[in-house]
Amino acid sequence: MQDSKTVVVIGAGIVGVSTAIWLQREGHKVVIIDRKGPAEGTSYGNGGILASCSIVPVTGPGLLVKAPKMLFSPNQPLFLKWSYLPKLLPWLTKYMSHANADDTRRIAEALTPIVGDSLQDHLALAEGTGAEHWIVPTDYIFAYNDREHYGTDAFGWGLRKTNGFQWDELEGQAFRNFDDVYSPDLGFAARLKDHGRIRDPGQYIKDLADHFVSQGGKLIIADVDDIARENGQVTGVRAGGETIPCDTAVVALGAWSGALTKKLGIDVPLEAERGYHLEFWEPTVMPKTPVMVAAYKFVATPMEGRLRLAGTVEFGGLEAGPSEAPLDLLRRNASKVFPGLRASHVTEWLGHRPAPADSIPVIGELPHLKGAYTGFGHHHIGLTGGPKTGRILAQLISGKAPNIDLSIYSPARYTKAG
């Protein structure tokens, strides 16, 4: 290892906390700064699935044709706050330019090394922290109406096969025998083994952060204004009216990363993809495994004391409050998929997924600023890819070479000069 460094990690979601723990294990002095504290953002409310197979981006072939129809249907999981459209348009144009087969293949190939071994990555991260008990190895199923419906996703399943994923098929009575909680309308499932779920994502990350602090790490609750630098080198992080000295800083602020990285000279086309969840507490129905319900594009995950349904995509920025329509759609779809579902109470949540226009996370050192690193832009797979991203960043900062080609993730692709 190179000499021990003083590193400030900006952001206390799964990427930031993972980075901090792996840096600490490498012998560095580490500080986490977050405006609210561990897992107070998207890392709290995600679907809770270690979804290694989720390498197929939203921008698949045909999205250009489907998206307008989806926007005008109250039964489709795509929503837009129309007043936000002028601000969204430049990003949306770039985003939709990737809705073709070649780019989808390239994105899937890029995501596989970050998420493809998520369960083992989480187990390695959590080992010895006290947070291990939140991790549950499990199958993960994709539920369809029937085999013909499954066939409409053939391109995505082909990409999974190309990138090394395997699954088996459950049809008709075989699916019923596997799990009988679903509506009779769902008659087919693809089942992937070696996946996982987190029983309480927010508490899991808080427990990881507690371990980080117990091992000598420092956690500061403050807003970060800027990264101080001199002669092309990071010298500190400005937060809460003071400058915390450091020689290395990592930006892991999720959907809030864009404003800070722009000050550092990289202009990432980044949007907040607003996602919602409903939690059914003390539910009368609990599926055996996490499920992606393909017909309605939401996931349902068994969690501690509740069933979490997460999904929908809404574009409307970081500032606007929650909309009722996506939550209403989740409620309607829940009753369709789980006919007997009742609960003692139901809670709602809105979060913001960090969505770069090319659907590929921004991971690595800025080419023009020594000691400045990024780890954000994971779209729907932040929980899944957080531990691997953190380990990669810790290796880079420690002068080690990760065993994957990192060029496709590099922030160099967004330098203003480039």
Side-chain angles (χ1 to χ4, degrees), residues 45-54 75-77 119 133-153 156-157 165-201 204 275-312 326-349 380 383-384:
N46 55 63
I49 304 170
L50 308 184
S52 291
C53 67
S54 292
N75 296 315
Q76 291 292 329
L119 175 60
H133 68 102
W134 295 116
I135 305 170
V136 181
T138 182
D139 297 343
Y140 180 30
I141 70 168
F142 282 60
Y144 292 88
N145 297 339
D146 50 33
R147 181 174 289 278
E148 184 181 0
H149 183 209
Y150 166 67
T152 63
D153 276 350
W157 287 105
F165 293 95
Q166 297 178 327
W167 60 93
D168 60 349
E169 299 173 356
L170 302 170
E171 190 167 12
Q173 193 57 46
F175 182 28
R176 295 270 157 269
N177 293 344
F178 173 75
D179 198 346
D180 62 1
V181 301
Y182 298 101
S183 161
D185 293 338
L186 298 175
F188 186 96
R191 176 177 59 182
L192 298 108
K193 297 186 179 297
D194 302 319
H195 279 58
R197 63 180 175 91
I198 305 296
R199 293 191 295 120
D200 188 322
Y204 170 61
Y276 292 80
H277 85 214
L278 292 176
E279 289 189 315
F280 293 81
W281 292 81
E282 299 176 47
T284 54
V285 168
M286 187 69 88
K288 288 181 181 176
T289 68
V291 55
M292 160 59 80
V293 183
Y296 303 116
K297 299 292 189 289
F298 74 86
V299 297
T301 309
M303 289 195 180
E304 191 80 352
R306 74 266 199 201
L307 174 64
R308 179 177 291 182
L309 271 58
T312 71
L327 291 164
D328 288 343
L329 179 63
L330 272 176
R331 282 190 198 92
R332 291 198 305 274
N333 289 342
S335 64
K336 290 176 185 174
V337 172
F338 302 109
L341 179 59
R342 303 288 181 273
S344 63
H345 62 289
V346 179
T347 51
E348 305 170 352
W349 177 86
H380 294 238
L383 179 68
T384 303

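Owing to the predicted nature of the structure, the values given are computational and were not obtained by experimental measurement.
Taking all atoms of both residues into account, the shortest heavy-atom contact from A143 to F175 is CB-CZ, 4.3 Å. In terms of heavy atoms, R306 sits closest to E279 at NE-OE2, 2.9 Å. The minimum heavy-atom distance linking Y144 with A294 is given by the pair CE2-CB, 3.3 Å. Nearest approach of L330 to L309, heavy atoms of both residues: CD1-O, 4.0 Å. Nearest heavy atoms, T301 versus R197: CG2-CB, 4.1 Å. In plain terms, the two heavy atoms of R176 and L186 that are nearest each other are NH2-O, 2.8 Å.
Aromatic ring orientation, H345 versus W281: parallel (interplanar angle below 30°, classes split at 30° and 60°).
Under a cut-off of 6.0 angstrom, the local environment of CD in E282 is sparse, with at most 12 non-hydrogen atoms contributed by other residues, nucleotides or ligands.
Residues that satisfy the ring-ring contact (aromatic ring centres under 6.0 Å, His included) test with F280, not counting sequence neighbours, are absent from this structure. With sequence neighbours excluded, no residue forms a salt bridge (charged side-chain N to carboxylate O under 4.0 Å, His left out) with D194. With sequence neighbours excluded, the residues forming a ring-ring contact (aromatic ring centres under 6.0 Å, His included) with F188 are Y150, listed by chain and number.
Judged purely by atom type and a 3.5 angstrom limit, D153 has no side-chain atom pairing as donor or acceptor with the backbone of G156. Looking at R332, its side chain never comes within 3.5 Å of a backbone N or O of L327 through a donor-acceptor pair. Side-chain atoms of T284 come within 3.5 Å of backbone N or O of R342 as a donor-acceptor pair. A donor-acceptor contact shorter than 3.5 Å links the side chain of R308 to the backbone of N46. Listed for the T384 side chain is a donor-acceptor partner under 3.5 Å among the backbone atoms of A51. H195 places a side-chain N or O within donor-acceptor distance of the main-chain N or O of C53, the cut-off being under 3.5 Å. A donor-acceptor contact shorter than 3.5 Å links the side chain of K288 to the backbone of F178.
In summary, the aromatic rings of W157 and F165 are positioned with their centroids too far apart to meet the 6.0 Å limit.
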TODO: Please report the C-alpha distance between Y276 and E348 in whole Å, then the side-chain angles of each, then the deciding distance to 0.1 Å, and finally whether the side chain to side chain contact (heavy atoms under 4.5 Å, CB included) criterion is met.
DONE: CA-CA 7 Å; Y276 292 80; E348 305 170 352; over 6 Å; no
- [ ] Go through the steps for F298 and N333 under the test side chain to side chain contact (heavy atoms under 4.5 Å, CB included), then give the verdict.
- [x] CA-CA 9 Å; F298 74 86; N333 289 342; 3.6 Å; yes
Task: M286 and V181: CA distance, side-chain angles, deciding distance, side chain to side chain contact (heavy atoms under 4.5 Å, CB included) verdict - done: CA-CA 7 Å; M286 187 69 88; V181 301; over 6 Å; no
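Two residues are said to be in side-chain contact when any heavy atoms from C-beta on lie closer than 4.5 Å; I141 and D179 fail this criterion. For the pair V299/V293, no side-chain contact is recorded, criterion being any heavy-atom separation below 4.5 Å from C-beta on. Within the 4.5 Å cutoff, the side chain of T312 has no heavy atoms near those of the Y296 side chain. A heavy-atom distance below 4.5 Å is not found between the side chains of T289 and Y140.
Interatomic distance, L50 CG to I198 CD1, rounded to the nearest 0.5 Å: 4.5 Å. Considering CG of D328 and CG of L278, their distance stands at 9.0 Å, rounded to 0.5 Å. Once rounded to the nearest 0.5 Å, the distance linking NE2 of H133 with CG of D200 reads 9.0 Å.
One finds a salt bridge joining R191 and D168 here, because a Lys/Arg side-chain nitrogen approaches an Asp/Glu carboxylate oxygen to under 4.0 Å. A salt bridge is defined here as a Lys NZ or Arg NE, NH1 or NH2 lying under 4.0 Å from an Asp or Glu carboxylate O, and E169 with R147 meets this definition.
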